[in-house]
Amino acid sequence: MADPQGFMTTPRRTCPRRPVPERVEDWDEVYVGQGLLPIISEQAGRCMDCGIPFCHSECPLGNLIPEWNVLLSREDWDAASDRLHATNNFPEFTGRLCPAPCETACVLAINQDPITIKNVEVAIADHAWEHARVPPRPPDRLSGKTVAVVGSGPAGLAGAQQLTRAGHTVAVYERDDRIGGLLRYGIPEFKMEKVHLDLRLEQMREEGTKFRTGVAVGTDMDAARLAERYDAVIVAVGAHAPRELRVPGRELAGIHQAMEYLPLANRVQEGDLTEPPITAEGKDVVIVGGGDTGADCLGTVLRQHASSVVQLDINPQAGDERTPDQPWPTYPKVHRVSPAHEEGRELALLRGSDRYGHDVPVPGPEGDVRVYSSATLRFEGDEGGHVRALHLVGVEPAERRPQPGTERVLPAQLVLLALGFSGPERDTGLIDQLGLGLDPRGCIARDTGFATTVPGVFAAGDAGRGQSLIVWAIAEGRSVAAAVDRYLAGSTTLPMPVRPADRPLVV
């Protein structure tokens, strides 16, 4: 422990966000960033260096949080970076995108504010890149074995990097024109600027990983033939099959899945498009779904200068504090305000603004754009077959049954469905061509060692686990790399932080 009294004398201080009116006019990351560096070591000094660090229990990567906190409190940035990278291939990703369940499991969180683990993590990662402390780590010798990784999201990239460093020749196949999967085209620029992704990909190229873009395995290339060409195959295609909203009027124009909408906004930032084919500009927008994808849609809609926006959540609004039935150190269901929700609330309160003013009543308390305990009844269209309104109804929290007399109508010229994902896509040909088995949830079946029903073919990430967090994807990528290395070499020294059956610590 660097400072035995640090957690008692130093208050929690998080990375500040840029002012809302400023940040909604650009696509840069919402946080001020390096302006917090002078106090990061002070925040790290709040770590209690617990005898049993429960932050480990909530981090599937097993991040050595107390160790790099102590090192950083002593201003030893290089050693802190070494400890951080010992368990995490991409801390600059997780430090920006992970909801930090490690913080809710911090021992301090029992009765006070936890350590700012996420801020410390991203500060260490960014400092390492800025000072050229993240050199490529090519293998000393090659094994002569080849591995194909299908999918370039966090699971596929983590598995590829681990296997490349172990000496295997690895090629990553991606159906899009750029590497990154949802990191590239699903995560908005204001949550993670793609320069961080590009830096890591360049490191992987220098280490020897090969990338094949614009190749849809199962469509452009027969998956079975791919498996014949390589000694092992990792399927890390994610869980992109969207959940559908089957209500009257769904066929109307102007109703889109979130992953039809978000990639187009990202392509504008990549320079591929000058204007997105699907835009919220000047429209009344309704987002159906209260999760992270819905928040990503919200932030994007606001930056496209929608006339109004409402986000529907079928769940009731959670309280601000952990309830007795959600004991520490589980990840609690509490009311959280993301940067996008902060933006929506502040802009909704600017009723006098021509740009953001509208006649739709502010739906929630204090300008919150979210409407809780609500479900969509049907969509209403105009004469041209385009959506113009959404009919919603309040639902009972327990059984989600419609409440009589609560029907409302919201104007909507654009509706975005952010209802989550049900598993890997079935219409790509990949699963059928490889002959992969599926589990009862529709995900790729695998044994305790990530092996599928087909010899030499392994599955990792959301394709096998189902929709999950980025830390679980990276942990699975590292774990499947160990399984593949053992399959190819007979033994492995690579870490396996999780097993397929492992699950987060929840009630």
Side-chain angles (χ1 to χ4, degrees), residues 56 59-65 67-68 78-98 100 102 117-118 120-129 132-139 147 149-168 170-172 174 179-184 187 192 194-211 234 236 238 450 458 460-463 465 468-485 492-498 502:
H56 287 185
C59 179
L61 286 165
N63 280 338
L64 306 171
I65 296 166
E67 293 187 29
W68 39 261
D78 290 348
S81 176
D82 289 341
R83 301 313 292 150
L84 179 58
H85 282 90
T87 57
N88 188 349
N89 295 71
F90 315 124
E92 65 276 18
F93 302 167
T94 55
R96 288 174 166 83
L97 304 177
C98 180
C102 54
I117 298 172
K118 184 175 177 177
V120 173
E121 177 181 13
V122 75
I124 296 172
D126 287 353
H127 185 276
W129 280 108
R133 302 298 188 186
V134 195
R137 293 170 47 195
V147 181
V149 177
V150 184
S152 68
L157 292 179
Q161 185 169 62
Q162 291 290 95
L163 288 168
T164 296
R165 290 175 173 179
H168 306 301
V170 182
V172 178
E174 169 57 54
I179 293 294
L182 291 185
L183 289 171
R184 173 73 67 182
I187 300 298
M192 187 184 81
K194 301 307 177 280
V195 62
H196 306 293
L197 174 60
D198 293 335
L199 283 171
R200 188 62 74 172
L201 293 177
E202 184 57 33
Q203 179 201 47
M204 293 180 65
R205 289 187 181 94
E206 293 181 16
E207 291 172 345
T209 302
K210 310 297 182 184
F211 294 108
I234 297 174
F450 295 90
F458 300 77
D462 290 1
R465 174 170 293 274
S468 189
L469 303 177
I470 183 173
V471 281
W472 280 95
I474 295 174
E476 287 225 354
R478 290 171 65 86
S479 297
V480 78
V484 171
D485 189 39
T492 185
T493 58
L494 295 178
M496 183 177 280
V498 296
D502 291 343

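What you see below is based on every heavy atom in this structure, not just the backbone, and it leaves out hydrogens, waters and symmetry mates. It should be emphasised that the depicted structure is a prediction, and the values quoted were computed from it without experimental measurement.
With contacts defined as side-chain heavy-atom distances shorter than 4.5 Å, the pair Leu183/Ile470 qualifies. In this structure, Leu197 and Phe93 have side chains that are in contact, with non-hydrogen atoms separated by less than 4.5 Å. No side-chain heavy atom of Phe450 sits less than 4.5 Å from a side-chain heavy atom of Ile234. Here the side chains of His85 and Pro91 are in contact, with some heavy-atom distance below 4.5 Å. Put simply, the side chain of Cys102 does not reach to within 4.5 Å of the side chain of Asn63, judged on heavy atoms. Taking 4.5 Å as the limit, every side-chain heavy atom of Arg96 sits out of range of all side-chain heavy atoms of Ile187. Arg184 has its side chain within reach of Asp198: a pair of non-hydrogen atoms, C-beta onward, lies under 4.5 Å apart.
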Applying side chain to side chain contact (heavy atoms under 4.5 Å, CB included), run through Leu199 and Glu92 and close with a yes or a no.
-> CA-CA 10 Å; Leu199 283 171; Glu92 65 276 18; over 6 Å; no
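One finds the CG atom of Asp485 at 4.5 Å from the CG atom of Leu494 (value rounded to the nearest 0.5 Å). Atom CG of Leu201 sits about 7.0 Å away from atom CD1 of Ile179, to the nearest 0.5 Å. Note that CD1 of Ile65 and CD1 of Ile117 are 4.0 Å apart. Values are rounded to the nearest 0.5 Å. Atom CG of residue Asn89 and atom CG of residue Leu61 lie 8.0 Å apart, to the nearest 0.5 angstrom. Here CD of Gln162 is found 10.5 Å from CD1 of Ile474. Values are rounded to the nearest 0.5 Å. Taken from CZ in Arg205 to CZ in Phe211, the straight-line distance is 5.5 Å, to the nearest 0.5 Å.
Looking only at distances, no side-chain donor or acceptor of Arg200 sits under 3.5 Å from a matching main-chain atom of His196. With hydrogens and angles disregarded, no donor-acceptor distance shorter than 3.5 Å links the side chain of Thr164 to the backbone of Val170. Between the side chain of Arg165 and the main chain of Glu207, no donor-acceptor pair closer than 3.5 Å is present. With hydrogens and angles disregarded, no donor-acceptor distance shorter than 3.5 Å links the side chain of Arg137 to the backbone of Gln203. At least one donor-acceptor pair under 3.5 Å links the side chain of Arg478 to the backbone N or O of Thr87.
Applying the 6.0 Å contact sphere to NZ of Lys194 captures more than 12 heavy atoms from other residues, nucleotides or ligands.
Nearest heavy atoms, Ser152 versus Val172: CB-CG1, 3.8 Å. Looking at every heavy atom in both residues, Gly159 comes nearest to Ala481 through O-CB, 3.8 Å. What you find for Val149 and Ala160 is that their closest heavy atoms are CG2-CB, 4.2 Å.
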